[in-house]
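Shown next, in C-alpha cells, is the structure this report addresses.
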Amino acid sequence: MRKAIIAGNWKMNKTPTEAAALVESLKPLVADASCDVVVCVPAVDIPAAKAAAQGSNIHIGAQNVHFAESGAYTGELSAAMLKEVGVEYVIIGHSERRQYFGETDATVNQRVLAAVKAGLKVILCVGEKKEEREAGYTDALVEYQTLIALTGLDKKQVQSIVIAYEPVWAIGTGLVATDEQANETIGVIRAALARKYGKAVANKVRIQYGGSMKPANAKGLMAQPEIDGGLIGGASLKAKDFAAIVNYDKD
Ligand code: 13P
C-alpha cells in the first residue's frame with residue numbers, strides 16, 4: 001500500500017512572518033494525520049517555516065530548483081542550497097513554471113536529476129491544457145511528460161518520485177476534474193511507468209491529483225484507487241481548509 005501524501009503549494013504567497021504563523025496554526029490541526037504532510041513555501045520563507053515546523057509532522061518543500069550545482073544563474077537556487085536550509089521536498093515542472101518561465105520537458109528532466117542527486121524528494125508536475133484534453137491528447141501528453149522528466153533515473157530512484165497530475169484547466173479555476181477523470185489519467189501515468197520500469201516500481205510511485213482540490217471534494221478524490229494524495233494551491237493558504245484535506249480520512 002502506498003502512503004498518501006498531501007502537499008500545499010503556496011505559490012507566491014505569504015511573507016516569512018505569515019509563513020511561520022500559518023505553520024504554527026497548522027501544527028495542532030494536522031498532528032494526527034495518517035498521510036505525509038508537506039508545505040512547499042516561497043524560498044525566503046523556508047527558514048521561518050522550518051523553525052515553526054520543528055518537532056511536528058509537517059515537512060518543508062521548495063517550489064523549484066536549478067539544475068546546476070553553482071554558477072552564473074542569476075536568481076536561481078541550487079539543490080545544495082535548499083538542502084542546507086532543511087528542505088526535504090521540491091516541486092519541479094509546475095505548469096505555471098512551464099507557462100510563464102519557459103520551463104520545458106528537457107529542463108524539467110535536468111532539474112529532477114539534480115534534485116535526486118542531492119537527496120531532495122521530488123514532486124514532479126505533469127498535466128494537460130484544456131485544448132489538449134479536448135483534442136484527445138491527454139494520455140499521450142502525460143505519458144510523454146512523465147517519461148522525459150524521469151530519463152536518467154534508475155528504478156530505485158523512480159520509485160522515490162512523487163508525481164502530481166495537475167490538469168492545467170483545473171488549476172485555480174474552481175473546475176475540478178471528476179473523481180473518475182483524475183483516477184483514469186493517473187492510471188494512464190502508472191501504466192506508462194509499468195511499461196518502462198516494471199509493475200513493481202509503478203505500484204510504489206505515489207501519484208497525487210492537483211487542481212482546485214478543496215475540503216469538499218478531497219474525500220471523493222482520495223477514495224479513488226489510483227489517487228495517492230493531493231497538491232493543493234489556494235486551499236493550502238488557510239490552515240483550516242488545508243487541515244480538512246489532510247484529514248480527509250477522518251470524520
Ligand atoms: P489550486 O488548488 O489553487 O487549483 O492550485 C493547484 C496547484 O497548482 C497546486 O500546485
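Counting convention: from 1, in listed order, for ligands and their atoms alike. Only heavy atoms go into these numbers, but all of them, side chains included; no hydrogens, no water, no symmetry mates.
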Exercise. Select the closest option to atom 1 (P) of ligand 1 among S212, A235, S95, P167, judged by heavy-atom distance.
Key: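 It is S212 that holds the nearest heavy atom.
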Practice problem: From atom 7 (C) of ligand 1, work out which of M213, K214, E166 has a heavy atom at the shortest distance. | Solution: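 Result: the heavy atom closest to atom 7 (C) of ligand 1 is in E166.
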Quiz item: How close does the nearest protein non-hydrogen atom get to atom 3 (O) of ligand 1, and which residue and atom is it?
Solution: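 Scanning the protein heavy atoms, the shortest distance from atom 3 (O) of ligand 1 goes to G234 N, 2.8 Å.
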Practice problem: Can you pull out the closest protein heavy atom to atom 2 (O) of ligand 1? Residue, atom name and distance to 0.1 Å, please. | Solution: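 Heavy-atom neighbour on the protein nearest atom 2 (O) of ligand 1: G233 N, 2.9 Å.
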Exercise. Look only at interatomic distance and state if G172 has a nitrogen or oxygen under 3.5 Å from any nitrogen or oxygen of ligand 1.
Key: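 N/O-N/O distance below 3.5 Å exists for this pair.
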Exercise. Could you please spell out the steps behind the side-chain hydrogen bond (donor to acceptor under 3.5 Å, both in side chains) verdict for N109 and T151?
Key: CA-CA 7 Å; N109 172 237; T151 302; 4.7 Å; no
Quiz prompt | Residue from R206, R190, Q208 passing side chain to side chain donor-acceptor pair (under 3.5 Å) with D228 | solution =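 With D228 as partner, R206, R190, Q208 yield a single side chain to side chain donor-acceptor pair (under 3.5 Å), made by R190.
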Practice problem: Below 4.0 angstrom from a heavy atom of G211, which ligand 1 atoms are there? Numbered from 1 as shown, please. | Solution: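 Going through ligand 1 atom by atom, the ones under 4.0 Å from G211 are 4 (O), 6 (C).
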Quiz item: With a cut-off of 4.0 Å, which atoms of ligand 1 are near a heavy atom of A170?
Solution: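 Within the 4.0 Å cut-off of A170, ligand 1 contributes 4 (O).
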Quiz item: Excluding sequence neighbours, so at least two apart, what forms side-chain hydrogen bond (donor to acceptor under 3.5 Å, both in side chains) with E128?
Solution: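 Once residues adjacent in sequence are excluded, the partners of E128 under the side-chain hydrogen bond (donor to acceptor under 3.5 Å, both in side chains) criterion are R133, Y165, W169.
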Quiz item: Does N13 have any side-chain hydrogen bond (donor to acceptor under 3.5 Å, both in side chains) partners at least two apart in sequence or in another chain, and if so, which?
Solution: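 For N13 there are no side-chain hydrogen bond (donor to acceptor under 3.5 Å, both in side chains) partners, ignoring immediate neighbours.
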Quiz item: Do R195 and E143 sit within salt-bridge range, that is, some charged N less than 4.0 Å from a carboxylate O?
Solution: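 So R195 pairs with E143 through a salt bridge.
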Quiz prompt | CA sep, side-chain torsions, deciding dist, call: R97, E103, salt bridge (Lys or Arg N to Asp or Glu O under 4.0 Å) | solution = CA-CA 6 Å; R97 301 243 25 119; E103 201 74 66; 3.8 Å; yes
